[in-house]
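Here the structure is a predicted model, which is why all the values come from computation and not from measurement.
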Amino acid sequence: MPIIPVIILLVIVSTFSLPVHHSSVNTSQLPPTGITWVTKPLQQVYNVIQNRFIGLIPGNYTEPSSSDYSMMSTILGFIDTGVSQSDAGSILSASNVAAQLEYQLIPVNDSATGNKYYVLMENTTVNRGWGSYLFTAERSPSATPVIIEAPHPVTDFNSQQIAYTIFTSAYPHVTALLVSGVERTFGPNGQTDMAHRTQSIFETAHEAFTKFGSVIIQIHGFDASNHPTEPMVVLSDGDGGINGALQAIASHLEAANLSVGIFDGFTHEKLGAQKNIQGRYARAFGAGFVHSEISSIVVYNATLITQYENSLTQSILNNFGFPAYQIDIKIPIIALGIMSFFFVAGYRLSKTRPD
């Protein structure tokens, strides 16, 4: 009797009838109670951050110590727990440890939208270039955590504001916004190029929130005069491959009539992010990495940059097309019925033949 092939077939059919990502629809976390919220425009707080980038103003980047890295990891862990579990105690612990590192954790109730955020930024008494980190105080029911990064603020054509716009527009589907605190240097050692440093507070934050199945979108910009043959946007996962998030973003950009190129290992090689440290870490942990290079033609055109921001926002809100199409439950039931019919027929036919 063909019982084993039947079982195998049913297992396969049932497996493919399940979604790739499981999303809850009613379990989004609310901000923990007992927190004192500062009600003001979030953009106002972010403007303070933007006005303090080292390079934009005179200053020197300060190398963190091993204890600085350890303390920042602790702070970020508390924030992650506080948000995911609506735990006010963890948020308070994060704030206390942050104070020891001369950081401040500000719970901001955005008066422009009513959305709630946590802003982790250096105290105004110091400016070491270690970066600022914004988190949604509510978690999306989406099963795909998304992190937006701007490792080259100012230098890459206002990339930090573009990242901020996408972060806030996709609330609460983006977990975090990570922004370097210093402009990129083009010196031989690249001391402040946070996309190519294996150790930095920026990289510490990246590692803290990069998890299996998450998506990291990194915003960059290129000068069209130096790359005249490149399309408006070049996307890359850093090693010439393609992931689902990258494909979804490319589709939305093309639908908005923005020309898109995808690094395949050869084409668009100069903008392919092959040495990007965050990309290497993300791929190693099974996360989707999308490195987005935006032409200066787009950045300095109000219509085009809005189309770019809207395209990425819509990709995130659509969860990049995840979960995969779920096969209707009737399909495995019908398959079971068909296989049962053949099983019974085969069994009866076997009885009509002599042994």
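Screening Leu304, Ile305, Ile294 for a side chain to side chain contact (heavy atoms under 4.5 Å, CB included) with Leu258, the sole residue that qualifies is Leu304. Between His291 and the options Gln274, Glu149, His220, Gln218, a side chain to side chain donor-acceptor pair (under 3.5 Å) holds for only His220.
Asp193 places a side-chain N or O within donor-acceptor distance of the main-chain N or O of Ala195, the cut-off being under 3.5 Å. At least one donor-acceptor pair closer than 3.5 Å links the side chain of Arg197 to the backbone N or O of Gln199. Checked by atom type and distance alone, the side chain of Asn123 never pairs as donor or acceptor with a backbone atom of Val126 at under 3.5 Å. Distance alone, capped at 3.5 Å, is enough to place a donor-acceptor pair between the Ser214 side chain and the Lys211 backbone.
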* **Residues Glu138, Tyr171; criterion side chain to side chain donor-acceptor pair (under 3.5 Å); working and verdict** => CA-CA 9 Å; Glu138 300 171 278; Tyr171 185 94; 2.5 Å; yes
* Residue pair His152, Glu183: steps toward the side chain to side chain donor-acceptor pair (under 3.5 Å) verdict -> CA-CA 6 Å; His152 299 152; Glu183 288 189 54; over 6 Å; no
* To do: Evaluate ring-ring contact (aromatic ring centres under 6.0 Å, His included) for Phe135 paired with Phe209, printing each intermediate quantity in order.
  => CA-CA 11 Å; Phe135 310 92; Phe209 285 89; 5.1 Å; yes
* **Asn127 vs Glu122, side-chain contact (heavy atoms from CB on, under 4.5 Å): CA-CA, chis, key distance, verdict** => CA-CA 7 Å; Asn127 195 4; Glu122 287 189 295; 3.8 Å; yes
* To do: List the steps and the verdict of side chain to side chain donor-acceptor pair (under 3.5 Å) for Asn243 and Gln247.
  => CA-CA 6 Å; Asn243 56 60; Gln247 286 182 312; over 6 Å; no
* To do: Any chance you could lay out the side chain to side chain donor-acceptor pair (under 3.5 Å) test for Ser65 and Asp68, step after step, and finish with the verdict?
  => CA-CA 5 Å; Ser65 66; Asp68 294 330; 3.0 Å; yes
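Looking only at atom types and distance, the side chain of Asp87 has no donor-acceptor partner in the side chain of Thr81 under 3.5 Å away. A side-chain donor from one of Tyr308 and Ser292 sits under 3.5 Å from a side-chain acceptor of the other. For the residue pair Asp156/Ser159, the side-chain donor-acceptor check at 3.5 Å is not satisfied. Side-chain contact annotation: Thr113 with Asp110, donor-acceptor N/O pair under 3.5 Å present. Between the side chains of Thr204 and Ser73, not a single donor N or O lies within less than 3.5 Å of an accepting N or O.
Ring centroid separation for the pair Tyr118 and Trp37 comes in under the 6.0 Å cut-off.
Note that CD of Gln50 and CG of Asn158 are 6.5 Å apart. Values are rounded to the nearest 0.5 Å. Taken from CG in Leu177 to CD in Gln160, the straight-line distance is 10.0 Å, to the nearest 0.5 Å.
Within 6.0 Å of CG on Leu317 lie more than 12 heavy atoms contributed by other residues, nucleotides or ligands. Taking a 6.0 Å sphere around CG of Asn96, one finds it holds more than 12 heavy atoms contributed by other residues, nucleotides or ligands.
Phe222 forms part of a hydrophobic cluster together with Val234, Leu271, judged by ILVMFWY side-chain heavy-atom separations under 4.5 Å.
Looking at every heavy atom in both residues, Phe289 comes nearest to Ala282 through CB-CB, 4.0 Å.
Applying the side-chain contact (heavy atoms from CB on, under 4.5 Å) criterion to His252, with sequence neighbours excluded, gives Ser311, Gln314, Ser315, Asn318.
Between Tyr164 and Tyr46, the ring planes are parallel. Angles under 30° get that label, and only those over 60° would be called perpendicular. Note: Tyr281 and His206 have perpendicular aromatic rings, judged against thresholds of 30 and 60 degrees for the angle between ring planes.
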